[in-house]
Amino acid sequence: RRAVMDDRRGSARRAGGRWSGGDPVMGWSRPEYAQLAALIAEQTGLTFPPSRQADLEHALGEVLDDATSKEQLRELLAGETAARDELIARLTIGESYFFRDPGQFRLLREEILPGIAAARGDAPIRLWSAGCATGEEAYSLAIIAEQLGLGRRTTVLGTDLSRKRL
């Protein structure tokens, strides 16, 4: 692809609408960006206020080479496509490791899970680790439940928006 110069930013971009160096993909107007951000929020639950426009446009530029118009971009995002899945993977943190936030896990171990166990008696306990990427946080919950003697009655569900990471 040939590079062209954008006079407003003084930066190079590749032909076809994809910007290099993290510059905006298509120069969305505020109303257009609001519509795009609303579409992404509706489909994924991820929110991108105007202050994060450059982040979103950079991720779009990394993923959506084939979209040459704003309407094509909207169509790609609306469907269950590999490009949409890749965009979600780029927009989410994807950082996952055991006992990621020690303070939170200490609170879970010392106060929250014992409180839930006491309140539930012998009833099953269900824990949900939302946004757990590859699952280390979910396993961390299971380890704590086992350490507290709650393992046999505890079920842990780990989910993430990114199919790639799951």
Side-chain angles (χ1 to χ4, degrees), residues 1-105 107-108 126-145 154-166:
R1 294 184 172 176
R2 64 181 171 81
V4 295
M5 203 62 162
D6 179 70
D7 294 332
R8 291 174 295 141
R9 292 180 185 84
S11 61
R13 72 173 171 92
R14 287 186 225 161
R18 183 174 172 183
W19 294 92
S20 63
D23 290 331
V25 175
M26 295 182 159
W28 298 85
S29 69
R30 285 182 188 206
E32 290 170 330
Y33 178 77
Q35 289 175 346
L36 174 66
L39 176 64
I40 290 173
E42 176 185 312
Q43 293 185 7
T44 67
L46 300 172
T47 58
F48 288 88
S51 62
R52 300 240 2 246
Q53 182 170 350
D55 296 336
L56 179 55
E57 288 186 339
H58 178 71
L60 288 167
E62 293 291 315
V63 175
L64 301 174
D65 279 336
D66 297 333
T68 57
S69 73
K70 292 172 184 172
E71 189 54 41
Q72 287 176 322
L73 180 55
R74 286 187 192 99
E75 289 173 17
L76 278 171
L77 292 174
E80 293 290 324
T81 65
R84 180 176 176 259
D85 290 345
E86 180 63 25
L87 179 63
I88 289 171
R90 289 185 183 270
L91 293 175
T92 54
I93 294 171
E95 183 176 86
S96 184
Y97 51 91
F98 290 98
F99 303 99
R100 180 173 163 198
D101 185 330
Q104 288 180 353
F105 281 102
L107 185 64
L108 283 163
R126 293 183 300 236
L127 305 174
W128 179 16
S129 179
C132 69
T134 55
E136 285 85 342
E137 290 87 354
Y139 279 104
S140 298
L141 287 173
I143 290 168
I144 290 173
T154 302
T155 302
V156 178
L157 172 66
T159 61
D160 198 275
L161 287 174
S162 174
R163 293 182 211 187
K164 181 179 181 178
R165 292 198 180 96
L166 287 175

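Heavy atoms only: backbone and side chains are in, while hydrogens, waters and symmetry mates are out.
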Would you find a donor on one side and an acceptor on the other, under 3.5 Å apart, between the side chain of Thr47 and the backbone of Ala41?
-> no
How many angstroms lie between atom [atom1] of [X] and atom [atom2] of [Y], to the nearest 0.5 angstrom?
X: Glu42; Y: Leu39; atom1: CD; atom2: CG; value: 6.5 Å
X: Glu32; Y: Gln53; atom1: CD; atom2: CD; value: 9.5 Å
X: Cys132; Y: Tyr139; atom1: SG; atom2: OH; value: 9.5 Å
X: Leu56; Y: Ile40; atom1: CG; atom2: CD1; value: 4.0 Å
X: Leu161; Y: Leu91; atom1: CG; atom2: CG; value: 10.0 Å
X: Ser29; Y: Gln35; atom1: OG; atom2: CD; value: 7.5 Å

Side chains of Leu141 and Trp128 in contact at under 4.5 Å (non-hydrogen atoms) = no
Does any non-hydrogen side-chain atom of Ile143 lie less than 4.5 Å from one of Phe99?
-> yes
State, to 0.1 Å, how close Gly158 and Ala138 come at their nearest heavy-atom pair, and which atoms those are.
->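 For Gly158 versus Ala138, the nearest heavy atoms are CA-CB, 4.1 Å.
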Indicate the atoms forming the closest heavy-atom contact of Ser140 with Phe105, along with that distance.
->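 Reported closest heavy-atom pair: CB-CE2, 3.6 Å.
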Arg100: what forms a salt bridge (charged side-chain N to carboxylate O under 4.0 Å, His left out) with it, not counting sequence neighbours?
->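 Listed in chain order: Glu95, Glu137.
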Asp101: what forms a salt bridge (charged side-chain N to carboxylate O under 4.0 Å, His left out) with it, not counting sequence neighbours?
-> none
Quick one: side chain to side chain donor-acceptor pair (under 3.5 Å) partners of Ser162, sequence neighbours excluded?
-> none
